[in-house]
Amino acid sequence: MSRREIREHIFKLLFLVEFHDQEELEIQVRLYLTQHEEIKEEDLRYIREKCEKILEKLPQIDEAINQVSKGWKTERMGKTDLTVLRLAYYEMKYDEDIPTGVAINEGVELAKLFGGEESPAFVNGILAKLV
């Protein structure tokens with residue numbers, strides 16, 4: 001499975017955070033992963049571990065995003081854009097295997113794929129301020 005495909009699965013799982021409390025979230029994650037039997041065990045492990053690491057850092061990630069986003073605090077942002085920003089920021093700051101430029105580019109690509117018409121520009125602008 002390509003890094004991009006793995007990243008899309010991580011995005012989808014992180015998106016669930018906005019709709020479920022912690023107890024329900026664990027059930028939803030298990031349900032999601034069982035529906036994707038085509039994912040290899042090693043990729044599943046990586047996806048799950050990365051999601052857990054991002055969730056652990058969520059308060060710091062949201063704080064950083066809030067510091068640079070003028071007039072668009074995390075509670076006002078669209079859930080898709082916020083999820084993309086969280087994933088990309090985590091990759092920029094905490095994932096040593098992913099260069100910052102790649103994290104930004106992949107964030108913009110996710111915004112194009114899952115967000116609205118203005119999502120790619122919005123995500124790119126916020127991520128550029130977080131570098």
Set of residues satisfying side chain to side chain donor-acceptor pair (under 3.5 Å) with respect to Glu96, sequence neighbours excluded: none
Pairs touching residues 110-127 that satisfy salt bridge (charged side-chain N to carboxylate O under 4.0 Å, His left out), sequence neighbours left out: Glu109-Lys112
Rounded to the nearest 0.5 angstrom, the CG-CE distance for Asn66 and Met77 is 6.5 Å
Look up atom CG in Leu33 and atom CG in Leu44, then write down how far apart they are to the nearest 0.5 Å. 5.5 Å
So which pairs with a foot in residues 95-118 pass ring-ring contact (aromatic ring centres under 6.0 Å, His included), sequence neighbours left out? Phe11-Phe114
Between atom CD of Gln28 and atom CZ of Arg30, what is the distance when rounded to the nearest 0.5 Å? 10.0 Å
Audit row: Leu14, Leu55, side chain to side chain contact (heavy atoms under 4.5 Å, CB included) steps and yes/no: CA-CA 8 Å; Leu14 290 176; Leu55 292 175; 4.1 Å; yes
Full working for side chain to side chain contact (heavy atoms under 4.5 Å, CB included) between Tyr46 and Ile10: CA-CA 9 Å; Tyr46 178 82; Ile10 293 168; 4.2 Å; yes
Grouping ILVMFWY residues whenever side-chain heavy atoms fall under 4.5 Å, the cluster of Ile27 otherwise contains none
Side chain to side chain donor-acceptor pair (under 3.5 Å) filter on Arg4, not counting sequence neighbours, yields Glu106
Where do Thr83 and Leu110 land on the side chain to side chain contact (heavy atoms under 4.5 Å, CB included) test, with the steps shown first? CA-CA 10 Å; Thr83 303; Leu110 283 172; over 6 Å; no
Tyr89: which residues meet the ring-ring contact (aromatic ring centres under 6.0 Å, His included) condition with it, sequence neighbours left out? none
For Arg45, give me all partners under side chain to side chain contact (heavy atoms under 4.5 Å, CB included), at least two apart in sequence or on another chain. Glu41, Glu42, Glu49
Salt bridge (charged side-chain N to carboxylate O under 4.0 Å, His left out) contacts in which one or both residues fall within residues 56-83, not counting sequence neighbours: Asp62-Arg86
Contacts of Tyr32 meeting ring-ring contact (aromatic ring centres under 6.0 Å, His included) (sequence neighbours excluded), chain-then-number -> His9, His36
Could you go step by step and tell me if Lys50 and Asp95 meet the side chain to side chain contact (heavy atoms under 4.5 Å, CB included) rule? CA-CA 9 Å; Lys50 189 162 183 176; Asp95 195 330; 3.1 Å; yes
Got a sec, which residues hit side chain to side chain donor-acceptor pair (under 3.5 Å) with Asn124, two or more places apart in sequence or on another chain? none
Taking the side chain from Lys93 and the backbone from Leu130, do they hold a donor-acceptor pair closer than 3.5 Å? yes
With ILVMFWY side chains joined below 4.5 Å, transitively, what does Ile98's cluster contain besides itself? Val102
Sequence neighbours excluded, which residues qualify as side chain to side chain donor-acceptor pair (under 3.5 Å) partners of Thr34? none
If you measure from CD1 on Ile47 to NZ on Lys40, what distance do you get to the nearest 0.5 Å? 11.5 Å
